[in-house]
There are 2 protein chains.
Amino acid sequence: MASNETSQMLKGVLQGCLLILLDQSPSYGYAITQRLDDFGFTDVPKGTIYPLLMTMEKKGLLKSEFRESADGPKRKYYSPTTAGQTAKHKFLTEWQQLETNVTSIVNLEEHDHE
Amino acid sequence: MASNETSQMLKGVLQGCLLILLDQSPSYGYAITQRLDDFGFTDVPKGTIYPLLMTMEKKGLLKSEFRESADGPKRKYYSPTTAGQTAKHKFLTEWQQLETNVTSIVNLEEHDHE
DNA sequence: CACCTCTAGTTTGTTTTACCAACTAGAAGA
DNA sequence: TCTTCTAGTTGGTAAAACAAACTAGAGGTG
């Protein structure tokens, strides 16, 4: 739970990131948490990831399937539906827009320190 | 209210942006809404901006002062406190972190379309 | 066998924050 | 007088991240 400072800024972004990752390869909650870690999202708690996955499935963005595991309980693999892929593309353009806007404001700040 | 799609992703980001803008030059709610528009945040509703400014003042991040206006009601000018400037710097590093992380995931996606 | 650890998922409730809707009000022009 | 633009406040709602408590399987150690 190291990165709870950026917790508010995560909102909406996490869902988009999951859609991209799961579209690359279907995966399950426990593994996704570890994979997010590789991308700098250190210790996204399971209290965040599991409910999000379930909500996204309810919304019709993801579909899921249980698969047996050799060393532990069953794993619930998620992958994007067609609607999920549409949402993914929507996220990509929205993120780019947000990034552009915020960067232009942040640049104001940086030019002060020259 | 055109950009309510990105509404969730705005969370936490807006406060940081206001701190930067108000540190450049103190301003009041109505004008800030228009200024945000220049940076691509089109039509951030006043139901967002006014309560946010008040909350930030309650938190001690902003201070305010009423000034007369020649053509309308009084204007409440806001500017960052010392705590507000600290929060601004914190936002800058947190935003950079988030941007880096999301970009690395978004890049996965873009490499697929080569 | 009892206990612990790692893996894996669910559920309930809380907090933060953007936003809507309704309201008050001043100044200027038709 | 009425409308429009400017300017701010208040109350309530919805979405999303997160903590905490719970259930469980598999494997190892004392």
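All values below were derived from every heavy atom in this structure, side-chain atoms included, with hydrogens, water molecules and symmetry-related copies excluded. In what follows, every chain begins at residue 1, and chains take the letters A, B, ... in the order their sequences are listed.
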Atom CE of B:M56 to atom C1' of C:dT16: distance rounded to whole Å? 14 Å
Among residues at least two apart in sequence or on other chains, which ones pass side-chain hydrogen bond (donor to acceptor under 3.5 Å, both in side chains) with A:E65? none
With the criterion being N/O to N/O and under 3.5 Å, what pairs connect the protein with nucleotides 13-16 of chain D, and how long is each?
unit_1	atom_1	unit_2	atom_2	d
D:dA15	O4'	B:Q8	NE2	3.4
D:dA16	OP2	A:K59	NZ	3.4
D:dA16	N3	A:K11	NZ	3.1

Separation of atom CZ in A:R35 from atom C1' in C:dT7, rounded to whole Å: 19 Å
If you compare every side-chain N and O of B:S7 against the phosphate oxygens of C:dA18 (OP1, OP2), does one of them come in below 4.0 Å? no
Please state whether the phosphate of D:dC18, meaning OP1 or OP2, lies under 4.0 angstrom from any side-chain nitrogen or oxygen of A:T48. yes
Could you write nucleotides 1-9 of chain D as a row of B, S and -, 5' to 3', where a protein heavy atom under 4.0 Å of any base atom gives B, of only sugar-phosphate atoms gives S, and otherwise -? -----BBBB
Scan side-chain atoms only and decide if B:N101 and B:Q97 contain a donor-acceptor pair under the 3.5 Å cut-off. yes
Can you list every ring pair (Phe, Tyr, Trp, His ring centres under 6.0 Å) pair that touches residues 7-28 of chain B, not counting sequence neighbours? B:Y28-B:Y77
Polar contact flag, side-chain donor to acceptor under 3.5 angstrom, A:S64-A:E57: yes
Residues forming a salt bridge (Lys or Arg N to Asp or Glu O under 4.0 Å) with A:R75, sequence neighbours excluded: A:D71
A:E68 atom CD is separated from D:dA24 atom P, nearest whole Å, by 16 Å
How would you list, by chain and number, every residue that makes a side-chain hydrogen bond (donor to acceptor under 3.5 Å, both in side chains) with B:Y50, sequence neighbours excluded? none
Using a 4.5 Å cut-off on heavy atoms from C-beta on, say whether the side chain of A:Y78 contacts that of A:M54. yes
Beyond-backbone contact of B:L22 with B:S79, side-chain heavy atoms, under 4.5 angstrom: no
